[in-house]
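Only one structure is covered here, and it is reproduced in the block below.
Per chain, numbering begins at 1; letters A, B, ... match sequence-line order.
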Amino acid sequence: MDKSYSPADIESRWYDTWESRGYFAPDLDAEGEPYSIMLPPPNVTGSLHMGHAFQDTIMDILTRYHRMRGQPTLWQPGTDHAGIATQMVVERQLALKDVSRHDLGRDAFVDAVWAWKEQSGGTIERQMRRLGASVDWSHSRFTMDQGLSDAVTRVFVSLYDDGLIERRKRLVNWDPVLHTAVSDLEVESVEEKGSLWHIRYPLADNGGHVIVATTRPETLLGDAAVAVNPDDERYASLVGKKLKLPLTDRTIPVIADDYVDTEFGTGCVKITPAHDFNDWEVGERHDLPVINVLTPDAAMNENAPEAYQGMDRFEARKQIVADLEAAGLLERTEPHTLMVPRGDRSNTVIEPYLTDQWYVKIAPLAKPAIEAVRDGRIRFVPENWNKTYFNWMEGIKDWCISRQLWWGHRIPAWYDDEGRVYVGRDEADARQRGGLGDEVALRQDDDVLDTWFSSALWPFTTLGWPDKTRRLETFYPTSVLVTGFDIIFFWVARMIMMGLRFAGDVPFRDVYIHGLIMDAQGQKMSKSKGNVLDPIDLIDGIELEPLVRKRTTGLMQPQMAPKIEKATRNEFPDGIPAYGCDALRFTFASLATTGRDIRFGLGRIEGHRNFCNKLWNAARYVLMQTEGHTIEAPRSLTLPDRWIRSRLGALLRDLETHIDNYRMDLAAQALYEFTWNEYCDWYLELSKPALQEGDEAQQNATRHTLLTVLEQLLRALHPFMPFITEEIWQKVAPALGLSGDSIVITDWPQAPAADKEAEEHVAWLKAVLQGVRRIRAELNVAPGKPLDVQLQGGTEPDRAHLERSESLLRGVGRIAGFEWVDAEADASQCAVALVDSLRLLIPLKGLVDVAEESRRLRKLLDKERKDLARSEGKLGNSRFVDNAPEAVVAQEKERLASHRATVEELEAQLERLAALGD
RNA sequence: GGGCGCGUAGCUCAGCGGUAGAGCACUACCUUGACAUGGUAGGGGUCACUGGUUCGAUCCCAGUCGUGCCCACCA
């Protein structure tokens, strides 16, 4: 093996092997509880980001772990057609060539999107392979595959037949740039500074006026009334009167409605049913006319006075305010912050707009979905997310599922010349169901479905639904959904609703909600901020210049480029080193805490790259020590052998708990700690004397333990770091005579039983060695200089421990010899370390700097005295002694005794030193 | 306006009723035959604040301050 670990060599060679040998396809005949995870299908809009890589790592850990436990395990991959997002990407590409989708026409455009999908989907798959994701590629799915599309149609028709889908004309969220309706979830409210214009509406009959406050003066042209609160005495006499609508020749009534808040503005509200959701409802209650004054582009239409027709809404706003002012109708303008609805894709201001759209009546679907979480058939992890879920589900509104796009599942509805609608699986079906002959001309609805409609079916359509396939029967409901909280409403809730209705059960048992990856400053990563990290760059490394180029090209706002460049050069002056996939994955695991934001900085990943190197070198040591030896099953083990096996058992038990609880951070920490602090720092060191000085049997036991523990550790690490563990395992397994082609298909290790005797013994060894080392360090004794150690006091167990491990201590601690001395022996020329009541005296004739040693001991004494006082205080308090559990009191008594002994020893030694100093 | 979080070592975060932990950073010493991507030994925290419950609170409860996110129709 090479002296240091180089990830690039290792990672390139394993993935293809695993995949081609079919390791990732589930073994449906395996015994054990089936385990399955649906990959949240990434959008085919480009490439994977850090969030995907993070999520994929968690899913892969779970998948590999359960596969090793012998369960039939499926991680189902695929991609999402992502309607709007993908259409926009392709339109933007066409725009570079000065072509619009309308130039191409629908069919040619859809072909162009398919071409893009092939390319983009390939990129995503390549990236997932680089991450080591052990998905079942042989069954990868795309939301617009034939089978999945058929399922979508089937679900649509079924919901329609049950009266849960209907087409209605009402206000929707209209995106005037994308020219499509969007759902409530796709609208983001953004706080923005605007104005509140106070406008006079003159009374029609006599003089006088009311003042209306509005943030949207341009919609005045569509006003149908002015409303006041029925209890508002200021305006009671005006209700029923007519007002002259400014800038028009219309008159509108004053109406009374509870909706109006007397405290806000002037207490008079203009009612514009065609352009405001609230006003729409007021209009319905009062039977007001609906006057739409906007075009689909949000320009003023023919219902507006001619002077404004064709003007964009914001231009019209300016003009109308100016005209009102000129007419003396503008009372005043005050600054006002308001929540502006913006499209999450286009970022343009969304208009409430009157159109025909398809809706899912959601309440009947939501009810069982709420039940499923309430009664525990689905469990959110962490649990508090169910509150978020309930809040939303209980106030859920009908879902607008039609989109005026070309890319997506075409709505299976046809119209005849009279506009009557016929729904069916296809045109022939619609015709038959509608009892229509061939002579009736039908035209299919132009719209497509919201992309989340098909995503909602993902957990069962990917398994073959509606066919009762073996995969469906085996893997549905899936075991866990791993996702971010940002799509609980978009996706999680809808999968639950659809799964319950169409697949007859919940889609998943657990929903593990993880945090979102942020940059090192806690900022959301985004192209426009220029703070995006590409997971592949962390694996392979990237030089500064290409990184700068990557971050500054293709920006929506090119003017940001210099700022981004500066920040990038500042943060990564030397670019990004190649850390390797295993280090990246281990870092993701260690970051998977319960928090919501996850800051990703380079410090952690560097530490984990070093961790890989540590593991690599530990393996190198083990192989060097075992090469050329025949390793046999040992008949007896040394105490360190027994200790490390016992510790491995503890590790494995902890790991199982942590993985079951989705605490990958704790799992990673446990692995790190065992590997570095127990196996490498202690066991490998303790093995050296045994290999050099031990007899044949001890040597064999030690070699066997070195190999066995390493081999099992590799298996435990494998779900987290698949590549390096495979590489090392290939060398370690033969040394143990293990058969098997790959670590991927090994079994999860059985945890060895706890060995209390060995644990106690090694704890004692460590205490002795650390005492000696501390003296060396603090008194500046060369690490290699052999020391004599005298032992004073102590207990029977101390003597027994020493007897069993004297030569081991000599070897590891560079100790020339041990000698028991009686209590009266002169210790004034010695440095002292204490292991409970056992005194380690290290004679350093002439080397002990009395002042220095006194200072050192005084420091220890101070701490001991403080602890002693605390123990005394506690035990002196009768309420503590009477009330605390017996075990706690007993433990405190032990501490008291131990501290008291230590304090006495230290005081005595200080006295001796003082006498020497005089 | 509701809901959900967070405030622990210089930084990023675990812990959550019995004497404060990790990684990184920091200090000193060490080219010891696995590893300087390393070793050994250290330094560093009144666990935001104020009350309460308790024998005992970083942990539970109430409130305050700071901070973040989500939802909501106030023109």
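- Using a 4.0 Å cutoff on non-hydrogen atoms, the parts of residues 268-275 of chain A near RNA chain B are A:Val269, ordered by number.
- With respect to the salt-bridge test (charged N to carboxylate O, under 4.0 angstrom), the residues A:Asp867 and A:Lys863 qualify.
- Note on A:Arg342 versus A:Glu188: no salt bridge recorded, every NZ/NE/NH1/NH2 to OD/OE distance being 4.0 Å or above.
- A:Glu685 comes within 4.0 angstrom of a base, heavy atoms only.
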Show me the donor-acceptor pairs within less than 3.5 Å that the side chains of residues 614-621 of chain A make with the rest of the protein, sequence neighbours left out.
| unit_1 | atom_1 | unit_2 | atom_2 | d |
| --- | --- | --- | --- | --- |
| A:Trp616 | NE1 | A:Asp2 | O | 2.9 |
| A:Asn617 | OD1 | A:Arg620 | NE | 3.1 |
| A:Asn617 | ND2 | A:Lys3 | O | 3.3 |
| A:Asn617 | ND2 | A:Asn613 | O | 3.0 |
| A:Asn617 | ND2 | A:Asn613 | OD1 | 3.3 |
| A:Tyr621 | OH | A:Ser687 | OG | 2.8 |

Nucleotide N/O to protein N/O under 3.5 Å, stretch nucleotides 6-9 of chain B:
none

Q | Bracket string, RNA chain B, 5' to 3' - pairs by Watson-Crick or G-U geometry under 3.5 Å, | interstrand | A | ((((((((.[[[[.)..(..]]]].(((((.......))))).....[[[[[..)....]]]]])))))))....
Where do N or O atoms of nucleotides 67-72 of chain B meet protein N or O atoms at under 3.5 Å, pair by pair?
none

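- Here A:Lys731 pairs with A:Glu727 in a salt bridge; the nearest charged N to carboxylate O distance falls below 4.0 Å.
- Applying the 4.0 Å criterion to OP1 and OP2 of B:U37, one finds that A:Ser4 has every side-chain N and O outside that range.
- For A:Lys688 and B:U32, the shortest distance from a side-chain N or O to OP1 or OP2 is not below 4.0 Å.
- Rounded to whole Å, the distance from CG on A:Leu691 to C1' on B:U32 is 16 Å.
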Q. Going 5' to 3' along nucleotides 17-28 of chain B, which nucleotides have protein heavy atoms under 4.0 Å from the base (write B), which only from the sugar-phosphate (write S), and which from neither (write -)?
A. -BB--SS-----
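- Rounded to the nearest Å, the gap between the P atom of B:A36 and that of B:U8 is 36 Å.
- The pair A:Arg856-A:Glu778 meets the salt-bridge criterion, with a side-chain N (NZ, NE, NH1 or NH2) lying under 4.0 Å from an Asp/Glu carboxylate O.
- Looking at A:Lys3, its side chain has no donor and acceptor atom pair within 3.5 Å of the base of B:C35.
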